Amino acid sequence: GSLMTTKLSQPQSTLAKSLTSTSTNAPYFKAFESTEIPPYVTNCPSNGLCSRLPPDCMTCNTNYSCIYGKTATFDCKVKPHVHCVDENNHEQENFTINMTCQFCWQLATSDYVCTNSTSCMTVSCPRQRYNATCTVRDHIHCLGNRVFPKMLYCNWTGGYKWSTALALSITLGGFGADRFYLGQWREGLGKLFSFGGLGIWTLIDVLLIGVGYVGPADGSLYI
């Protein structure tokens, strides 16, 4: 009877040790997960002014009842793992920021960056637009989503210079050099074999290029 008791007690003690080790290791894994640094921390300057932090580094109480166009004060708090100071170089977590009461899509064009499109025509009537995705700059604070869609005019350039096109039109327009430069090969060949439309086509092109009506064949803007 004592022998059986000894044999049975060994597996039970082993099982008890395994349960104990598992229960003591659980807090260790939780502590490891809690010390992971969030991705946004890489964009948050350390020990800088709290009021100068990018919006992704803080959480603010948004006041949508503020008066549009007026300066409003918002109570903010830094996110975990973010360290910042006040004007007296004292570390703080709660602070206030002042910003203009307006939504992000109402900002000036210099306050956000948008994607560009090279598949639309800039020289067309009416002027073409394209769907762009705009992102507010890091140092700008606003209400609503910081990434928003917007319809913008086509404004890309292929590197063609207006001054070069005009100079070619005046000097070598009779041979179609201006049209060749702009990538319009058929019109250039037409001017070349017709001697600039006996001079009439040349004069018209000088006028059209001068006012910007005739542009690059790829639909881009002059530089």
Side-chain angles (χ1 to χ4, degrees), residues 30-160 212 215-216 218-223:
K30 289 182 179 179
F32 177 77
E33 291 177 355
S34 63
T35 56
E36 278 192 29
I37 300 177
Y40 60 79
V41 176
T42 57
N43 299 324
C44 304
S46 181
N47 296 326
L49 288 176
C50 294
S51 58
R52 298 292 181 88
L53 286 175
D56 292 338
C57 306
M58 65 181 76
T59 303
C60 298
N61 295 326
T62 306
N63 181 16
Y64 287 97
S65 62
C66 58
I67 301 176
Y68 174 75
K70 301 293 184 180
T71 302
T73 302
F74 295 86
D75 296 324
C76 301
K77 182 180 181 179
V78 294
K79 290 184 177 180
H81 303 284
V82 177
H83 303 280
C84 62
V85 297
D86 57 10
E87 288 77 6
N88 298 322
N89 206 27
H90 295 152
E91 188 170 355
Q92 63 176 173
E93 292 184 359
N94 300 304
F95 57 96
T96 59
I97 60 171
N98 296 323
M99 72 179 205
T100 305
C101 180
Q102 59 183 347
F103 286 95
C104 295
W105 60 269
Q106 296 173 317
L107 292 171
T109 54
S110 58
D111 293 335
Y112 53 83
V113 180
C114 300
T115 56
N116 205 350
S117 174
T118 58
S119 61
C120 59
M121 299 289 291
T122 59
V123 182
S124 63
C125 186
R127 190 176 175 185
Q128 289 186 4
R129 294 174 179 258
Y130 69 98
N131 292 317
T133 301
C134 302
T135 305
V136 181
R137 298 184 185 274
D138 288 340
H139 64 283
I140 302 298
H141 298 274
C142 55
L143 301 176
N145 296 327
R146 299 184 60 82
V147 179
F148 54 91
K150 197 164 189 177
M151 290 288 292
L152 299 178
Y153 285 111
C154 300
N155 60 348
W156 66 285
T157 178
Y160 296 93
D218 58 6
S220 64
L221 293 175
Y222 288 116
I223 59 174

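If you're wondering where the values come from, they're calculated on a predicted model, not measured in any experiment.
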* Asked: Residues two or more places apart in sequence or in another chain: which of them pass side chain to side chain donor-acceptor pair (under 3.5 Å) with K150?
  -> Y112

Does [X] reach the main-chain N or O of [Y] with its side chain, forming a donor-acceptor pair under 3.5 Å?
X    : Y    : result
T115 : T133 : yes
R146 : I140 : yes
D86  : N89  : yes

Do [X] and [Y] have side chains that approach each other closer than 4.5 Å (heavy atoms only, starting at C-beta)?
X    : Y    : answer
V85  : Q92  : no
T135 : F148 : no
Y130 : M151 : no

Please report, to 0.1 Å, the donor-acceptor pairs under 3.5 Å made by any side chain of residues 93-109, with sequence neighbours excluded.
unit_1	atom_1	unit_2	atom_2	d
N98	OD1	T73	OG1	2.8
Q106	OE1	F103	N	3.0

* Distance (rounded to the nearest 0.5 Å) between E91 CD and N88 CG ->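 Separation between the atoms: 14.0 Å.
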
Name the atoms and distances for all side-chain donor-acceptor pairs under 3.5 Å in residues 41-60, with sequence neighbours left out.
unit_1	atom_1	unit_2	atom_2	d
T42	OG1	P39	O	2.8

